[in-house]
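To start, the structure itself, in structure tokens.
Indexing begins at 1, ligand by ligand and atom by atom, following the structure's order. For clarity, every value in this text was computed on a predicted model and none was experimentally measured. These values consider heavy atoms only, across backbone and side chains, with no hydrogens, waters or symmetry-generated copies.
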Amino acid sequence: MSDSFSAVKVTDRVYWVGAIDWELRDFHGYSVQRGSTYNAYLVLAEKIALIDTVKAPFFDQMLARIASVVDPAKVAYVIANHAEMDHSGALPQVIERLKPEKVIASNAGVKALADHFHLGQGITGVKDGETLSLGNAALSFVAAPMLHWPESMLTYLAEDRLLFSNDAFGMHLASSKRFADEIPEWILDYEASRYFANILLPYSALVTKLLDKVAKLGIAIDIIAPSHGPIWRPFRTPRVPSAPLRAGLQGPRGADPGWIASRYATWAAGPPTEKAVIVYDTMWHSTELMAHAIAEGVAAGGATASVMPLRGSHRSDVAQEMLGAGALLVGSPTLNNGMLPAVADVLTYLKGLKPRVGLGAAFGSYGWSGEAQAQMEEVLRAMNVELIREPLKVRYVPDQAALAECFALGQQVADRLKSQTAPAGS
Ligand code: FEO
């Protein structure tokens, strides 16, 4: 590949050598609106290590970036923190072309990579806490199961106080900027929360555990280098606040490691807010009218309503909106003895993501059989949502009395939320 693709210096010995995917718009069902990056890093120690690779079609781009700072044949070790193919896809090409001395993964990663690429016995397994000497530097491995797959691990470079955090602390954001402090904070907040909600939410308890584990390890972290999106480095006061990661929880300082760690702690374990998300699809506007009346009731009760018509909201938008929400109200009319397809889609998606939402209800219009609301209620029950009332069903078109009942449901939700949650937007 041409000389157009260069490595980006992160520290004196670490370079970003990944790939920018400007085209990506779907990541296994998650709508990524700004593309992504597959971050690979080169550690230029006596023994040169490549941390992760890229999605297979981007091998040439990664190779060109490596070649911009070092002869690729000098890469001695490849660390495969994660077997998912956005990071491991180029591994077979790396092995074939660069012929590294060792490819290293967690013990579970060895098996996962073998099952992906059928590479034989060529990968070395490492345990949690194990260290690999690079001569004048060393890499330590931290197991991070389910962040985002069972075999995931993080790699720590003590000499640079740098954590290669794999999927954790990442975001899907293609940018010409490599560092978080070069990107507007509202974009970071939006894309990082979207990524957390759509990728890591089911593993929230493990995120909390990881933050505690890193804090207990007592390792100082100046830089977090994730596998997607920008790199988090000290902001405004470079290299001064070289405190453990958990210290960042004392308060955000800007787009630095403490800022993203603080966000993660809140998203993973923070109390639900007084926001109610109202998700619906509609056939002849009846369920839509009901949704609007419920939202009015929520607002009149002093809580916050977020109304998400599925004709304009992707399942990923709903997942993001659910982050921290205290209530979920789902509406659909009955179509052919079931709920509308868009509602079934979003409920299937949300059920898998396991949002920590306490309260909910199903609502919608129907003509003669009216099965949709009970079906939606069944999914809410499976999500451990406390149903605040039986399904609210209206035959054909809501009249004033029906809309008043919707309004009352909204008020009831608001009352419960306000009694047990934090203000929305926190
Ligand atoms: Fe970015 Fe789980 O892969």
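- Of all the N, O or S atoms in His228, the one closest to atom 1 (Fe) of ligand 1 is NE2.
- Between Tyr280 and His292, the ring planes lie perpendicular to each other; the angle is over 60°, past the 30° to 60° tilted range.
- Counting only protein atoms, the N, O or S atoms lying less than 2.8 Å from atom 2 (Fe) of ligand 1 are His82 NE2, Glu84 OE1, His148 ND1, Asp167 OD2, ordered by chain and residue number.
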Enumerate donor-acceptor pairs with a distance under 3.5 Å from any side-chain N or O in residues 346-362 to protein atoms, sequence neighbours excluded.
unit_1 : atom_1 : unit_2 : atom_2 : d
Thr348 : OG1    : Ala344 : O      : 2.8
Tyr349 : OH     : Asn198 : OD1    : 2.6
Arg356 : NH2    : Gly270 : O      : 2.5

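- The aromatic rings of Phe169 and Tyr264 sit tilted, their planes meeting at an angle between 30° and 60°.
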Do any side-chain atoms of residues 102-115 form donor-acceptor pairs under 3.5 angstrom with protein atoms, and if so which ones, sequence neighbours left out?
unit_1 : atom_1 : unit_2 : atom_2 : d
Ser106 : OG     : Gly109 : N      : 2.9
Ser106 : OG     : Glu151 : O      : 2.7
Lys111 : NZ     : Asp115 : OD1    : 3.3
Lys111 : NZ     : Asp115 : OD2    : 3.0

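- Checked by atom type and distance alone, the side chain of Thr37 never pairs as donor or acceptor with a backbone atom of Ala19 at under 3.5 Å.
- By the side-chain contact (heavy atoms from CB on, under 4.5 Å) test, Ala192 pairs with Met171, Ile260, Trp267, sequence neighbours left out.
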